[in-house]
Amino acid sequence: MRLRIFTEPQQGASYDDILAVAQATEALGFDGFFRSDHYLVMGDGGGLPGPTDAWTTLAGLARETSRIRLGTLVSSVTYRAPGILAIQVAQVDQMSGGRVELGLGTGWFEKEHLAYGIPFPAKRFGMLEEQLEIVTGLWETPIDDRYNFTGEHYALVDSPALPKPAQRRVPVIVGGGGAKRTPALAARFATEFNLPFPEFADISGKFAGVRAACATIGRDPGELHYSVALIAVTGRDETEFARRAAAVGREPAELREHGLAGTAAEVVDRLGALADAGVDTVYLQIMDLADLDHLDFIAREVAPQLP
């Protein structure tokens, strides 16, 4: 099972804060560092010092780490034109030596769009489908060929489809709980299907839907990774766990019900159950970026007990 650290810097983090977590992620042996792609704090608090741009951040981390995978969970189709996104991701992939992954979704947080003057169309799923086709199409176009696309939302004419990523194929993450359209997109374009903060009882069924969508188009469902993102709050005893829960404004009982929470033994048991449900990658949502000891504890007490 791959364990990846997943952060929400819009809640209040500078680049230096993010860098410290990413470098700890690498030093402690986790598989990857991923971040949300948001521009406004959610809930209470001012979000100081303010938002950081996801792909600008990842470009910096590409030069200041050497091993871990780097990516978004997930970028919104509303933020960037697909041609620009393809260029950004390809460049950061080059800068990292081929360690980038792109999570892409429809976006949902209307308030941040209003705050920064970003258009927020009511219907965005068609934008997502076209962006996935365009971004992957640009990367896959042979050098010296041209890429053209005409759709409802975007049109590209005689694009040189440059630059190319360092990887032959940048992993693409598609996720969500939709019953039909999202699994169909994952089957067509994704290398990984992600369930963000799912109910545990729903995971097996959602994965089965993706496998069925793959079968419909003749794709081997075993080609995909199957992942979940869950908040992680743990400690060596109940006192430490409760302290960390309070630090992120969550109740211990609620965390145990919906996240990876409690003592190390409890988290290991939950991860084992996730593996039984078909999960091969877990994004550990870490909300307190100042608590690097938390990452160290997970690396020492949880990760070594996984298969």
[X] and [Y]: side chain donor to acceptor below 3.5 Å:
| X | Y | answer |
| --- | --- | --- |
| Thr72 | Asp37 | no |
| Thr191 | Glu223 | no |
| Glu8 | Gln285 | yes |
| Gln10 | Ser36 | yes |
| Trp108 | Ser76 | no |

*Among all residues two or more places apart in sequence or in another chain, which pass the salt bridge (charged side-chain N to carboxylate O under 4.0 Å, His left out) test with Asp276?*
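None.
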*State which residues pass salt bridge (charged side-chain N to carboxylate O under 4.0 Å, His left out) with Asp53; sequence neighbours excluded, sorted by chain then number.*
Arg80
Under a 3.5 Å distance rule, please check whether [X] uses its side chain to pair with a backbone N or O of [Y] as donor and acceptor.
| X | Y | value |
| --- | --- | --- |
| Gln91 | Gln88 | no |
| Glu110 | Phe120 | no |
| Thr216 | Ala212 | yes |
| Glu101 | Pro171 | no |
| Arg181 | Gly178 | no |
| Gln131 | Val77 | yes |
| Ser96 | Asp93 | yes |
| Arg244 | Val233 | no |
| Ser14 | Asp17 | yes |
| Arg35 | Pro9 | no |

Measure the shortest side-chain to side-chain distance between [X] and [Y] over non-hydrogen atoms and say whether it is less than 4.5 angstrom.
| X | Y | value |
| --- | --- | --- |
| Glu192 | Arg2 | yes |
| Pro82 | Glu130 | no |
| Val100 | Pro165 | no |
| Pro119 | His113 | no |
| Leu70 | Val92 | no |
| Leu3 | Tyr283 | no |
| Leu271 | Val302 | yes |
| Ile68 | Phe30 | no |

_Is there a side-chain hydrogen bond (donor to acceptor under 3.5 Å, both in side chains) between Ser227 and Arg4? Walk through the geometry before answering._
CA-CA 10 Å; Ser227 67; Arg4 294 175 161 183; over 6 Å; no
*Inspect the contact between Glu257 and Arg250 and indicate whether a charged nitrogen and a carboxylate oxygen are less than 4.0 angstrom apart.*
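Salt bridge between Arg250 and Glu257, a charged N being under 4.0 Å from a carboxylate O: no.
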*Any Lys/Arg nitrogen of Glu301 or Arg236 sitting under 4.0 Å from an Asp/Glu carboxylate oxygen of the other?*
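Not counted as a salt bridge, because no side-chain N and carboxylate O are separated by less than 4.0 Å.
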*asked:* Please enumerate all residues that pass side-chain contact (heavy atoms from CB on, under 4.5 Å) together with Thr136, with sequence neighbours excluded.
replied: Glu140, Val172, Phe189
*Mind checking what makes side-chain contact (heavy atoms from CB on, under 4.5 Å) contact with Leu40, not counting sequence neighbours?*
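Once residues adjacent in sequence are excluded, the partners of Leu40 under the side-chain contact (heavy atoms from CB on, under 4.5 Å) criterion are Phe109, Lys111, Glu112, Ala115, Tyr116.
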*Determine, using ring centers only, whether Tyr154 and Phe149 are less than 6.0 Å apart.*
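No.
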*Aromatic centroids of Phe33 and Phe6 separated by under 6.0 Å*: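 Ring centroids of Phe6 and Phe33 are no less than 6.0 Å from each other.
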*Only one of Arg69, Arg67, Met1 forms a side chain to side chain contact (heavy atoms under 4.5 Å, CB included) with Asp31, so which one is it?*
Arg69
*asked:* So, applying side chain to side chain contact (heavy atoms under 4.5 Å, CB included) with His294, which one of Leu289, Leu284, Thr234 is it?
replied: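 Only one of Leu289, Leu284, Thr234 forms a side chain to side chain contact (heavy atoms under 4.5 Å, CB included) with His294, namely Thr234.
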*Quick one: which residue pairs count as a ring-ring contact (aromatic ring centres under 6.0 Å, His included) with a foot in residues 213-270, not counting sequence neighbours?*
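Qualifying pairs, neighbours excluded: Phe207-Tyr226.
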_For residues 149-174, which residue pairs pass the salt bridge (Lys or Arg N to Asp or Glu O under 4.0 Å) check, not counting sequence neighbours?_
Arg146-Asp158
*Taking the six-membered ring of Phe200, is NZ or CZ of Arg270 closer than 6.0 Å to its centre and within 45° of its axis?*
yes
